Amino acid sequence: MKKILFTLAAAIITAGTAYANWQEGSTSSLAVSGGEAAIQINLSAEQRLGINLNAVNDGKADAVFSTAINESNLILSDLPVALYGENGRKDASVSITQFVQTDNGKRFYVFQTGDIKGLRIVSYQKGEFTLAFDGSSIERRRADELEITKKDLLLHVDPPAGGSHSSAGSSVYVLTFNKATGMFTAAMR
């Protein structure tokens, strides 16, 4: 009987450390050409996201994640945004993508600004938004693109401006979720 219990306990512990399964949801975007724009997005019946995007000067974005349940807010301010455009016109865009950890149903939102320093992953659980990843922890990189696959979250980044733009110069980081801290950590692949 003890052997069966130890085997069962080992199986439960092993299952708890298994890799998470991820499922990507919808993506919403906001773009602005040479000015400023604001939008309010309903993420669900209870969750909202307000975005202010500025394509003037250096380009910045603000995001406010809020809930109707307990009036909880998570405010992300002055996030750097990649600017692009021609003939002196500055354009900017941001996107928000929902994804779920299918093992436990925990919901996440990735906020991408085209600048690695503006990339954020926000988690939502039990009526609370919390910061789960801050892209500014990746040093000396400029662009961000988070790829959500079934088994991994892959962060593709380009070298700093002025560096090589070939695929050899790009890097891929695997983001791993730590259940104890509620945060993602990045390790170069």
Side-chain angles (χ1 to χ4, degrees), residues 19-34 37 39 41 43 47 49-55 58-65 74 76-86 89-103 106-124 129-178 182-189:
Y19 288 104
N21 288 314
W22 304 103
Q23 182 175 1
E24 185 173 356
S26 63
T27 298
S28 298
S29 299
L30 173 64
V32 64
S33 180
I39 191 170
I41 300 171
L43 301 171
Q47 304 168 36
L49 171 61
I51 301 173
N52 184 36
L53 178 59
N54 187 330
D58 295 334
K60 298 287 181 189
D62 299 317
V64 178
F65 290 85
L74 175 65
L76 307 174
S77 297
D78 291 329
L79 301 177
V81 175
L83 296 176
Y84 53 94
E86 297 176 354
R89 185 187 76 227
K90 294 180 181 179
D91 301 332
S93 67
V94 296
S95 67
I96 182 79
T97 303
Q98 301 179 34
F99 65 100
V100 175
Q101 185 178 13
T102 58
D103 298 340
K106 189 166 184 165
R107 185 177 297 190
F108 296 90
Y109 300 96
V110 58
F111 190 81
Q112 296 184 90
T113 67
D115 184 320
I116 193 68
K117 303 292 184 198
L119 172 71
R120 299 292 186 273
I121 298 177
V122 173
S123 67
Y124 178 79
F129 288 104
T130 56
L131 188 62
F133 182 75
D134 182 339
S136 63
S137 63
I138 308 287
E139 292 188 27
R140 298 179 43 240
R141 299 293 173 165
R142 65 176 183 87
D144 67 89
E145 179 190 343
L146 185 67
E147 178 185 1
I148 301 167
T149 68
K150 182 172 172 65
K151 294 291 182 184
D152 293 310
L153 300 178
L154 305 174
L155 179 60
H156 300 271
V157 295
D158 291 336
S164 167
H165 292 289
S166 69
S167 61
S170 297
S171 300
V172 176
Y173 290 83
V174 177
L175 299 184
T176 305
F177 185 70
N178 182 326
M183 298 288 291
F184 287 92
T185 56
M188 194 175 290
R189 184 188 245 189

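The shown structure was predicted, so the numbers you read here are calculated from the model rather than taken from an experiment.
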Straight-line distance of Leu131 CG to Phe184 CZ, nearest 0.5 Å:
11.0 Å
From OG (Ser28) to CD1 (Ile39), nearest 0.5 Å
7.5 Å
Report yes if some heavy atom in the side chain of [X] is under 4.5 Å from a heavy atom in the side chain of [Y]; otherwise report no.
X: Val110; Y: Leu119; result: yes
X: Ile51; Y: Phe111; result: yes
X: Val174; Y: Leu154; result: yes
X: Phe99; Y: Leu153; result: yes

Can you sort out the partners of [X] under side-chain hydrogen bond (donor to acceptor under 3.5 Å, both in side chains), two or more places apart, ordered by chain and number?
X: Gln23; result: none
X: Lys106; result: Gln125
X: Asp91; result: Ser33, Arg89

When you look at Ile138 and Leu155, which way does the side-chain contact (heavy atoms from CB on, under 4.5 Å) test go after all the steps?
CA-CA 10 Å; Ile138 308 287; Leu155 179 60; 4.2 Å; yes
Check: Thr176/Thr185 side-chain N/O donor and acceptor closer than 3.5 Å:
no
If you measure only the distance, is there a donor-acceptor pair under 3.5 Å linking the side chains of Thr113 and Asp115?
no
Test side-chain contact (heavy atoms from CB on, under 4.5 Å) applied to Val94 and Leu79, Leu53, Asn52, the passing residue:
Leu53
Ring center gap for Phe108 and Phe133 short of 6.0 angstrom
no
Students often mix this up, so state it plainly: with edges at 30° and 60°, are the rings of Phe129 and Tyr124 parallel, tilted or perpendicular?
tilted
